[in-house]
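The figures that follow rest on heavy atoms only: side chains count, while hydrogens, waters and symmetry mates do not. Letters A, B, ... are given to chains in the order of the sequence lines, protein chains preceding strands, and every chain is numbered from 1.
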2 protein chains.
Amino acid sequence: MVQTVANGIEAIAAIRKHRPDIAILDYNMPGANGLEVLLEARRWAPETRFLMLTGSMQAQMLAQLVEAGIHGVMLKDGSEAEVVDAVRQVRDGKKVISDSARRMLAAAGETAALTDRELAVVQAIARGHSNISAAALLGISAKTVDTHRTNVMRKLGAHSTASLLLSAVRAGLLDPDSLR
Amino acid sequence: MVQTVANGIEAIAAIRKHRPDIAILDYNMPGANGLEVLLEARRWAPETRFLMLTGSMQAQMLAQLVEAGIHGVMLKDGSEAEVVDAVRQVRDGKKVISDSARRMLAAAGETAALTDRELAVVQAIARGHSNISAAALLGISAKTVDTHRTNVMRKLGAHSTASLLLSAVRAGLLDPDSLR
DNA sequence: ACGGGCATCGGGCGATCACCTGATTTTGCC
DNA sequence: GGCAAAATCAGGTGATCGCCCGATGCCCGT
């Protein structure tokens with residue numbers, strides 16, 4: 001059986017319902033990114049193996065995926081045969097990380113590259129501020145806060161305020177204890 | 001010098017700027033609630049004393065205020081003279097909690113009274129889900145998720161997704177470690 | 001001098017949120 | 001059986017978010 005879905009939310013629902021052998025995911029999807037789908041869907045389909053097949057990938061995200069126990073990561077610079085082979089390998093219980101992805105992992109390792117200002121915005125948001133109140137707090141325009149916020153969300157692969165905070169915590173940018 | 005402001009955000013800005021002797025706050029304000037104003041403004045005006053003067057008050061919120069070291073809490077069921085007296089007492093460095101507020105504190109003590117379903121919604125949101133994806137996850141309509149979310153936010157005094165998560169953590173409804 | 005990264009701000013737009021009122025069904029309990 | 005709380009869903013509205021575009025100015029390395 002083969003099924004395709006249009007976004008992250010449907011992916012979670014479909015995996016949860018059908019518990020497929022393999023789920024091939026893109027990282028950048030509307031609704032929920034690849035990491036979120038992995039973490040959420042795995043709760044309902046522990047047997048399913050996850051292969052991330054994506055075009056662009058931040059080392060940041062990649063590290064999170066590996067840490068989360070992703071079964072395979074392929075960048076789209078690979079040939080068709082490589083992808084097919086990766087699917088087979090994952091099916092057989094092996095972990096597959098493409099060379100290009102592995103290179104990124106090695107080259108990275110440090111914390112996400114957030115600007116001072118971006119970090120300040122994230123921390124303000126993490127303290128419960130809206131764009132507007134954070135802007136008042138930092139003495140800048142709400143538009144600027146919005147720009148920083150958007151840039152950070154792109155870097156971390158988040159699509160909402162909640163997942164922004166989640167990703168920031170996972171990336172070590174925020175101390176969970178600071179939320180107390 | 002006396003100044004009045006229209007909402008929580010302006011309150012933070014004004015306290016930060018003028019560092020008044022006393023800030024008299026309502027709890028339910030647009031933009032930022034009393035607890036948030038207290039926590040944030042105190043960073044910039046450590047000398048300022050805070051008196052919460054509010055109409056309705058959940059025991060939940062009250063406990064958080066007291067724990068945060070609020071200098072005074074008055075419910076609006078008090079007479080005018082009581083309020084004036086409270087301001088004077090706070091000015092003189094005493095802590096003032098009105099009888100009605102103290103009764104609530106005593107009667108409470110346990111965790112916030114969130115429904116099973118409400119808690120499930122909050123936890124879904126805390127895992128990065130939007131209303132819509134949380135609805136798909138729980139198998140209910142997005143409208144229902146929205147209702148639960150709104151109700152929880154009223155109970156906790158939150159006005160945004162970020163502050164909802166913050167309040168939930170502070171109320172012990174969410175384990176900060178679960179965000180990792 | 002030139003490019004490049006960063007911070008700042010603005011317009012604009014569709015999606016979502018935050019919140020209201022109101023309604024029906026389900027559930028637990030006396 | 002009937003009451004009360006909880007859960008479900010809907011319509012609607014204004015504010016905010018998420019994100020696209022472009023523009024300016026600063027600093028910095030070559």
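Put simply, A:Asn131 has a side-chain N or O that comes within less than 4.0 Å of OP1 or OP2 on D:dC17. Contact check, A:Arg154 against D:dC20: a side-chain N or O comes under 4.0 Å of OP1 or OP2. OP1 or OP2 of C:dT8 lies within a sub-4.0 Å distance of a side-chain N or O belonging to A:His148. OP1 or OP2 of D:dC9 lies within a sub-4.0 Å distance of a side-chain N or O belonging to B:Thr144. The side chain of A:His159 places an N or O atom within less than 4.0 Å of a non-bridging phosphate oxygen (OP1 or OP2) of D:dC19. One finds a side-chain N or O of A:Thr161 lying less than 4.0 angstrom from the OP1 or OP2 phosphate oxygen of D:dG18.
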*Determine, step by step, whether B:His129 and A:Glu40 satisfy the side chain to side chain donor-acceptor pair (under 3.5 Å) criterion, reporting the C-alpha distance in whole Å, the side-chain angles of both residues, the deciding distance to 0.1 Å, and the verdict.*
CA-CA 10 Å; B:His129 292 281; A:Glu40 191 64 45; 2.8 Å; yes

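Closest to the A:Arg149 side chain, of the nucleotides C:dT16, D:dC17, D:dC9, is D:dC17. Distance from the side chain of A:Arg117 is smallest for C:dT8 among the nucleotides C:dT8, D:dC19, D:dG18. With D:dG18, C:dG11, D:dG11 as the choices, the nucleotide that has an atom nearest any side-chain atom of A:Lys143 turns out to be C:dG11.
Backbone-only engagement by B:Ser141 is indicated by non-hydrogen atom pairs under 4.0 Å involving sugar-phosphate atoms exclusively. Residue B:Asp146 is in base contact, counting any heavy-atom pair closer than 4.0 Å across all strands shown. Residue-level contact check: B:Thr147 touches the bases, meaning some heavy atom is under 4.0 Å from a base atom.
With hydrophobic clusters built from ILVMFWY side chains whose heavy atoms lie under 4.5 angstrom apart, A:Val169 shares a cluster with A:Val152.
A donor-acceptor pair under 3.5 Å links the side-chain atoms of A:Thr48 to the main chain of A:Pro20, judged by distance alone.
Across the protein-nucleic acid pair, B:Met153 atom CE and D:dT16 atom C1' stand 12 Å apart, rounded to whole Å.
The structure places NE2 of A:His71 at 7.5 Å from CZ of A:Arg42, a figure rounded to the nearest 0.5 Å.
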